[in-house]
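Data block below; observations after.
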There are 2 protein chains.
Amino acid sequence: MSLYLTLKDEIVKQILNGTYKSGDVLPTEQALCQTYELSRVTVRKALEEMKKEGLVTSVQGQGTVVSFRKGAFTSSLEIIALVAAVHNPFFASFMEHFERVAEENGSLVLFKQDFQGQAFASHELYYRFIKKNIRNVVLWPQTEHIDFELLNRLRSIGMNLVLFDQLFETNVADSVGLDNRHAVTELYGQLRSGFEGEIIYIGYEGLNLPSELQRDQAFQEASGGKGRRFRIPWGGDVERETTALLLRLREEGVLPANLLCCNGPVGLAAARCLESFGWQDIALTVIDFLPEMAKYPMIVYQQPMREMAEKTYQRLIAQNNQGELWLPGRYPVQGEVLHVKGNGPQ
Amino acid sequence: MSLYLTLKDEIVKQILNGTYKSGDVLPTEQALCQTYELSRVTVRKALEEMKKEGLVTSVQGQGTVVSFRKGAFTSSLEIIALVAAVHNPFFASFMEHFERVAEENGSLVLFKQDFQGQAFASHELYYRFIKKNIRNVVLWPQTEHIDFELLNRLRSIGMNLVLFDQLFETNVADSVGLDNRHAVTELYGQLRSGFEGEIIYIGYEGLNLPSELQRDQAFQEASGGKGRRFRIPWGGDVERETTALLLRLREEGVLPANLLCCNGPVGLAAARCLESFGWQDIALTVIDFLPEMAKYPMIVYQQPMREMAEKTYQRLIAQNNQGELWLPGRYPVQGEVLHVKGNGPQ
DNA sequence: CTAGATTTGTCCGTATGTATC
DNA sequence: GGATACATACGGACAAATCTA
């Protein structure tokens with residue numbers, strides 16, 4: 001490898017591992033010449049490459065500083081990296097649509113399998129992206145423990161980020177996700193207008209993701225603060241926990257009451273429960289549609305996958321075009337109410 | 001201006017005016033040094049700028065050649081130039097939507113007023129675009145006399161082009177326009193199912209634009225080759241010519257018959273004619289909606305401006321992302337049938 | 001296939017201009 | 001004004017790739 005590329009790699013490495021932080025002034029060209037025993041031409045060539053890639057900026061009379069960008073990075077949408085649990089059925093559906101949208105527009109989508117958020121939090125992964133000049137990343141955050149500092153560092157050296165599925169209040173990325181207020185309000189309206197009896201919400205305990213909090217809160221608002229909410233622990237066996245909760249509620253006399261389930265797995269577990277115990281006095285509504293749901297009668301709020309994919313792609317376009325003028329935003333999309341008849345288990 | 005930028009401008013100028021054509025080998029760095037009496041560093045810096053912009057490519061041991069690209073150019077969508085007759089009401093409507101779509105995604109849209117196609121054919125205009133590194137151009141061709149050679153030369157040095165409103169069979173640009181077959185078929189169906197009597201087509205004489213040809217042909221197909229077609233001369237006073245034609249057809253006994261008008265101005269002229277002569281035995285259908293049409297009863301096929309704008313923008317995205325892999329295409333969009341009641345002239 | 005000529009790629013030392021502090 | 005640091009420019013040298021005789 002040529003001298004100037006070796007030097008460039010050395011400096012990029014130091015920027016990425018924090019030796020030179022965002023906003024720091026690099027050693028002067030003269031100093032770099034002495035440190036690495038290179039001529040000024042070579043040092044300048046290395047710096048020029050980095051300037052071209054937006055990693056540093058130089059001002060005459062002042063020095064060369066590591067880029068510190070609040071805004072987005074003007075790059076190319078040729079390659080987009082998608083970091084997510086690829087085998088999750090919900091994400092698989094999104095992935096399919098997103099890939100179609102991206103490829104219609106000539107973008108190549110690369111996936112990085114994210115097993116339990118390990119890739120999501122991996123410094124190394126993003127460092128490789130930067131080195132390969134991959135500047136567009138779509139993330140699917142499934143945990144509340146997100147290293148926003150890392151994301152912020154990535155943004156500041158020129159990575160465009162879109163968070164998908166959760167509407168975070170953050171200044172490092174655009175987020176595209178379901179309009180949870182709309183979803184809950186629609187389902188609550190369906191239950192209120194079509195069925196008799198109390199409406200209760202079933203959610204997660206100990207899950208602080210925005211979508212769960214927003215749904216919980218929307219339910220409170222829809223019910224005028226009077227609706228009762230019950231929770232199953234996050235991280236356990238959803239099927240078992242849901243069944244246990246419903247049996248307890250039946251014993252305590254809370255049931256029969258109509259159910260509004262916070263997501264697909266909980267809703268599906270509830271549907272199986274109602275089916276097997278023959279509780280036909282309970283109406284079931286769920287946010288998210290899963291294929292297995294076709295067997296059970298319920299009302300589902302279906303996420304508009306194609307629209308979410310388009311909006312996600314559009315946010316990357318916008319970040320690439322707006323550059324420093326970009327401001328982070330939350331982009332909710334609205335789905336549709338689906339009445340599933342239920343053709344019974346096979 | 002610095003020496004290397006002056007040299008660069010000089011060479012770019014020669015590429016654009018055809019001194020060096022696409023695929024030609026530039027003089028060697030040594031030769032340029034002698035010709036312009038500059039050091040090799042300076043010459044190389046100028047060439048490097050041009051390489052960065054994709055105007056030339058160089059191979060060691062071989063020389064520096066002027067780029068010859070069949071495909072699109074991978075640039076940035078930060079700036080898009082729109083060359084069109086800005087004050088035309090039809091285009092103004094498109095412009096409004098396009099600007100909205102583009103700015104939602106952070107692109108800046110610049111307009112270049114095109115008076116009777118003069119700007120459209122101006123070498124100078126595009127030269128300036130290239131110099132300012134504006135690589136995305138949307139064109140509204142209103143004449144059949146298009147210098148596709150010029151457009152091809154622009155494409156080959158890295159200009160992305162989208163033709164709007166006409167679906168050309170060309171390999172230099174994507175084209176986005178109305179699905180004329182659908183428009184004519186829909187209107188023909190409306191007349192056949194809702195009204196008695198013959199259906200005749202009114203188009204232009206001597207206008208070889210694709211949209212006119214496609215509409216004429218679609219009418220032939222819809223009518224099974226039996227439908228009579230009449231024409232007014234292109235370029236004259238539409239109002240007067242249309243009135244004259246309709247009066248002649250009445251005299252000759254062709255009218256009463258139901259009308260399918262090729263575009264907005266003709267349709268509007270026909271509507272006024274029917275109104276003033278009180279010919280209520282004639283049903284009127286038109287492709288394109290103009291605001292003044294609200295006064296007259298007619299059936300209009302309305303162009304989907306928002307969708308056209310989105311598709312046009314999407315084609316630019318695709319060209320920028322697909323780069324050399326891009327292949328030109330025709331992208332038709334379908335509109336909707338509008339039943340205008342007509343509230344009478346004020 | 002080889003040898004030599006050509007052309008770009010990389011690198012060095014040096015000098016002057018210009019913006020910033 | 002002076003010191004500092006980047007921007008531009010010059011001349012020279014060798015390496016690597018390519019073409020040609």
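Since this is a predicted model, take the numbers as computed values, not measurements. Below, chain A is the first sequence line, B the second, and so on; all start at residue 1.
Because its NZ or CZ atom is both nearer than 6.0 Å to the ring centre of B:Tyr4 and within 45° of the ring axis, B:Lys45 counts as a cation-pi partner of that residue.
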Donor-acceptor pairs are to be reported for all side-chain atoms of residues 46-66 of chain A against protein atoms at under 3.5 Å, with residues two or more places apart or in another chain.
residue, atom, partner, partner atom, Å
A:Lys51, NZ, A:Ser58, OG, 3.1
A:Glu53, OE2, A:Lys8, NZ, 2.9

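Under the rule for a salt bridge (charged side-chain N to carboxylate O under 4.0 Å, His left out), the partners of B:Glu169 that lie at least two apart in sequence or sit in another chain are B:Arg330. Under the salt bridge (charged side-chain N to carboxylate O under 4.0 Å, His left out) criterion, B:Glu103 pairs with no residue, sequence neighbours left out. Residues that satisfy the salt bridge (charged side-chain N to carboxylate O under 4.0 Å, His left out) test with B:Asp174, not counting sequence neighbours, are B:Arg315. Listed by chain and residue number, nothing satisfies the ring-ring contact (aromatic ring centres under 6.0 Å, His included) test with A:Tyr313 (two or more places apart in sequence, or in another chain). Judged as a side-chain hydrogen bond (donor to acceptor under 3.5 Å, both in side chains), and not counting sequence neighbours, the contacts of A:Asp165 are A:Trp140. Applying the side-chain hydrogen bond (donor to acceptor under 3.5 Å, both in side chains) test to A:Arg135 and every residue at least two apart in sequence or in another chain returns A:Asn133. By the side-chain hydrogen bond (donor to acceptor under 3.5 Å, both in side chains) test, B:Glu324 is found to be paired with B:Arg69, residues two or more places apart in sequence or in another chain being considered.
Taking 4.0 Å as the cutoff to heavy atoms of chain B, we find the contact window on DNA chain D bounded by D:dT8 to D:dC19.
Residue pairs that meet the ring-ring contact (aromatic ring centres under 6.0 Å, His included) test with at least one member in residues 143-162 of chain B, sequence neighbours left out, are B:Phe148-B:Phe168.
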* To do: Sugar-phosphate atoms are those with a prime plus P, OP1 and OP2; base atoms are the rest. Using that split, label each nucleotide of nucleotides 11-21 of chain C B, S or - for protein heavy atoms under 4.0 Å, 5' to 3'.
  => SBB-B-BBBBS
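Contact check, B:Ser58 against C:dT7: no side-chain N or O comes under 4.0 Å of OP1 or OP2.
Listed by residue number, the members of residues 20-32 of chain A with any heavy atom below 4.0 angstrom from DNA chain C form an empty set.
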